[in-house]
Protein chains: 2
Amino acid sequence: MSCTTTLKNKGLKLTPQRRLILNIIHESGGHLTAEEILDYVHARVPGVNKSTVYRTLELLEELGCVYKSELGDRFIYHHAEEGHHHHLVCRACGKSIDCDEDVFLPVERALDKKYGFQAHFKHMVMSGLCAECRDKG
Amino acid sequence: MSCTTTLKNKGLKLTPQRRLILNIIHESGGHLTAEEILDYVHARVPGVNKSTVYRTLELLEELGCVYKSELGDRFIYHHAEEGHHHHLVCRACGKSIDCDEDVFLPVERALDKKYGFQAHFKHMVMSGLCAECRDKG
DNA sequence: TTTATAATTGCAACTGGTTGCACCAACAAT
DNA sequence: ATTGTTGGTGCAACCAGTTGCAATTATAAA
């Protein structure tokens, strides 16, 4: 279901500000920080207030339209495409690799079996070294 | 090696402020947010400036004396004991369970094999449901 | 014990992000 | 067309955390 219909179904309004923010996230494709999104918004429509942007991001996250993930010290937003997956971000070249959803299943099983602890790993973003950058040294 | 000797070996000073902050983290045993640490500091010595506290936490993390981990939206600090391990924090009762260091090995291997991506999971803090709270709810 | 020096602190200003509130816009009922 | 209601925005004040800088202090050498 598209973001716009999700909004309407909940009795929420698709305002110009929200349309703008959705467009920016969709067009970017990749991962944007809240601040980058704010900058893009202001570049197109200077008048939009920052609290509107932050509130919209929070709303879209709650609706499941975008994902908010932790990467090191900051939070990044990305579009919730069909099919969940994780992201591998190279700390050397910045490249982002889509990663299969199931890699954390062994961890979830182990935590359950050993500690009776129920954890879920959803759209994780992991920092590390990609193959090319590792070979370069 | 103790935190105090680590400081001295690097030519860094063991000031009263740093001693206080180290004591608070050691005594607490558990996980403290930066703000909680700041509150405890002020409770004992009101004059200490917040920038001193934040800078000290950053320094101690760089030295490896304390760990800074992400838990949901915030960062928590905990003492770097002998033997690394992860933490399982119950989102219902708040209880913290120490978790074996090796649970993420399958993930690290899978990421390497499938994507040539090198990632390391160190002192992770995971939110979820402990066995008791799961049975209750 | 005194001095030299680099490390450290407190301060004030600032940044990213949040919150309460008054006003505004959209829409449904009359 | 008018009104009532709900949701949304902008504003200003606020909060946690950061930064540059001048003043201070722990420490090692003399």
Side-chain angles (χ1 to χ4, degrees), chain A residues 3-25 31-63 65-78, chain B residues 2-25 31-63 65-77:
Chain A
C3 304
T4 52
T5 52
T6 308
L7 281 168
K8 283 191 180 170
N9 291 347
K10 296 232 173 187
L12 303 172
K13 295 170 188 171
L14 184 62
T15 63
Q17 292 92 331
R18 289 182 181 169
R19 205 190 310 266
L20 174 60
I21 292 165
L22 274 170
N23 281 343
I24 285 169
I25 296 176
H31 314 94
L32 296 176
T33 64
E35 214 189 336
E36 286 168 338
I37 294 170
L38 184 56
D39 286 344
Y40 283 124
V41 166
H42 278 160
R44 296 204 208 166
V45 185
V48 179
N49 195 272
K50 62 178 176 175
S51 54
T52 301
V53 174
Y54 286 112
R55 277 192 283 230
T56 300
L57 289 175
E58 197 186 355
L59 176 75
L60 293 175
E61 193 207 348
E62 279 164 17
L63 292 175
C65 295
V66 304
Y67 292 143
K68 180 188 184 185
S69 304
E70 311 171 18
L71 177 58
D73 266 14
R74 50 189 177 169
F75 294 99
I76 58 180
Y77 293 85
H78 47 113
Chain B
S2 84
C3 304
T4 52
T5 52
T6 307
L7 282 168
K8 282 192 179 169
N9 289 348
K10 295 229 173 188
L12 303 171
K13 296 172 185 171
L14 184 61
T15 62
Q17 292 92 332
R18 286 183 181 166
R19 207 189 309 266
L20 173 61
I21 292 165
L22 274 169
N23 282 343
I24 285 168
I25 296 177
H31 314 93
L32 296 175
T33 64
E35 214 188 336
E36 287 167 338
I37 294 170
L38 184 56
D39 286 344
Y40 284 124
V41 167
H42 278 160
R44 296 205 210 166
V45 186
V48 179
N49 195 272
K50 61 178 176 175
S51 55
T52 300
V53 174
Y54 286 113
R55 277 190 285 229
T56 300
L57 290 175
E58 196 185 356
L59 176 75
L60 294 175
E61 193 208 348
E62 280 165 17
L63 292 176
C65 295
V66 304
Y67 292 143
K68 180 187 182 185
S69 304
E70 311 172 17
L71 176 59
D73 267 14
R74 51 189 176 169
F75 294 98
I76 58 180
Y77 293 85

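Fair warning: this is a prediction, and the values are worked out from it, not measured in the lab.
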Check nucleotides 24-26 of chain C against the protein and report each pair of N or O atoms closer than 3.5 Å, with its distance, or say if there are none.
none

Could you write out each protein N or O paired with an N or O of nucleotides 12-16 of chain D at a distance under 3.5 Å?
unit_1: D:dA16; atom_1: OP1; unit_2: B:Glu35; atom_2: OE2; d: 2.3

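Put simply, CZ on B:Arg55 is 7 Å from C1' on C:dT9, counting in whole angstrom units. As a whole-Å value, the separation of B:Leu20 CG from C:dG10 P is 11 Å. Rounded to an integer number of Å, the gap from B:Ile37 CD1 to D:dG17 P is 10 Å. Atom-to-atom, CZ of B:Arg19 to C1' of D:dA26 comes out at 11 Å; the value is rounded to the nearest Å. Atom CD in B:Glu62 sits roughly 15 Å away from atom C1' in C:dT8 (whole-Å rounding). If you take CG of A:Leu59 and C1' of C:dG17, they are 17 Å apart, rounded to a whole angstrom. In this structure, the NZ atom of B:Lys10 is 12 Å from the P atom of C:dT8, given to the nearest Å. Distance B:Leu7 CG to C:dT9 C1': 15 Å, rounded to the nearest Å.
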Could you go through the side chain to side chain contact (heavy atoms under 4.5 Å, CB included) check for A:Leu32 and A:Tyr40 one step at a time?
CA-CA 10 Å; A:Leu32 296 176; A:Tyr40 283 124; 3.9 Å; yes
Pair B:Tyr54-B:Leu38, side chain to side chain contact (heavy atoms under 4.5 Å, CB included): steps then yes or no
CA-CA 8 Å; B:Tyr54 286 113; B:Leu38 184 56; 4.1 Å; yes
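Under the side chain to side chain contact (heavy atoms under 4.5 Å, CB included) criterion, A:Glu61 pairs with A:Val66, A:Lys68, not counting sequence neighbours. For B:Asn23, there are no side-chain hydrogen bond (donor to acceptor under 3.5 Å, both in side chains) partners two or more places apart in sequence or in a different chain. Residues forming a side-chain hydrogen bond (donor to acceptor under 3.5 Å, both in side chains) with B:Asp39 (at least two apart in sequence, or on another chain): none. In this view, A:Thr52 and A:Gln17, A:Val48, A:Asn49, A:Thr56 satisfy the side chain to side chain contact (heavy atoms under 4.5 Å, CB included) rule, not counting sequence neighbours.
Between B:Thr15 and C:dT8 there is no side-chain N or O to OP1 or OP2 distance below 4.0 Å. Put simply, B:Arg18 has a side-chain N or O that comes within less than 4.0 Å of OP1 or OP2 on C:dT9. Neither OP1 nor OP2 of D:dT25 sits under 4.0 Å from any side-chain N or O of B:Gln17.
B:Leu38 comes within 4.0 angstrom of nothing in the nucleic acid, heavy atoms only. As judged by a 4.0 angstrom heavy-atom cut-off over every strand, A:Leu12 is placed among residues touching the sugar-phosphate backbone only.
One finds the SG atom of B:Cys3 at 6.5 Å from the CG atom of B:Leu60 (value rounded to the nearest 0.5 Å). Residue A:Tyr77 holds its OH atom at 8.5 Å from CD1 of A:Ile25, rounded to the nearest 0.5 Å. Note that the CD atom of A:Glu36 and the NE2 atom of A:His31 stand 11.5 Å from one another [nearest 0.5 Å].
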